[in-house]
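Computed from a prediction, not measured in an experiment: that's the story for all the values here.
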Amino acid sequence: TERTCSSSLCSVRVRCMFAVQELTVDGWSNRAEHASKDNAFWHARARSDADGHTYRLISEEKQVVCLLTSRGSECWELD
């Protein structure tokens, strides 16, 4: 199924591939979706820098995961 982006950075006709999620006391909470890894990464990086919270981005296929904190970031490609 084709999803549309919830972020104003994406066209509504573009298929979203990366979710930006914030770590909360209840677990990971969706914050935005982006069509590209770069847009998702910089969105999560800006939010983490602004509020000090931990964020991750995860591809729709769950093949790429990035973790972003106020101390830095790391990305992994999973098999």
Heavy-atom pair with the smallest gap, counting every atom of Ser70 and Ser48: N-OG, 3.5 Å

Gap between atom CD of Gln63 and atom CD1 of Ile58 - 0.5 Å precision: 10.5 Å

Hey, are the side chains of Phe18 and Val64 touching, using non-hydrogen atoms and a 4.5 Å cut-off? yes

Quick one: which of Glu22, Arg31, Arg47 gives a side chain to side chain donor-acceptor pair (under 3.5 Å) with His53? Glu22

Might you point out which heavy atoms bring Lys37 and Cys75 nearest each other, and give the distance in Å? CE-SG, 4.3 Å

Would you please test Leu68 and Arg56 for side-chain contact (heavy atoms from CB on, under 4.5 Å) and show each step? CA-CA 6 Å; Leu68 299 94; Arg56 74 176 178 184; 5.6 Å; no

Looking only at heavy atoms, which two atoms of Ala40 and His34 are closest? And how far apart? CA-CD2, 3.5 Å

Here the pair of heavy atoms bringing Arg45 nearest to Ser73 is NH1-CB, 3.6 Å

Give me the other members of the hydrophobic cluster that Val20 sits in, counting Ile, Leu, Val, Met, Phe, Trp and Tyr linked by side-chain heavy atoms under 4.5 Å, directly or via other members. Tyr55

Joint cluster assignment, Trp76 & Leu57, ILVMFWY side-chain distance < 4.5 Å: no

Could you work out, with side-chain contact (heavy atoms from CB on, under 4.5 Å) as the rule, every residue matching Thr54, not counting sequence neighbours? Leu23, Trp28, Leu67, Thr69

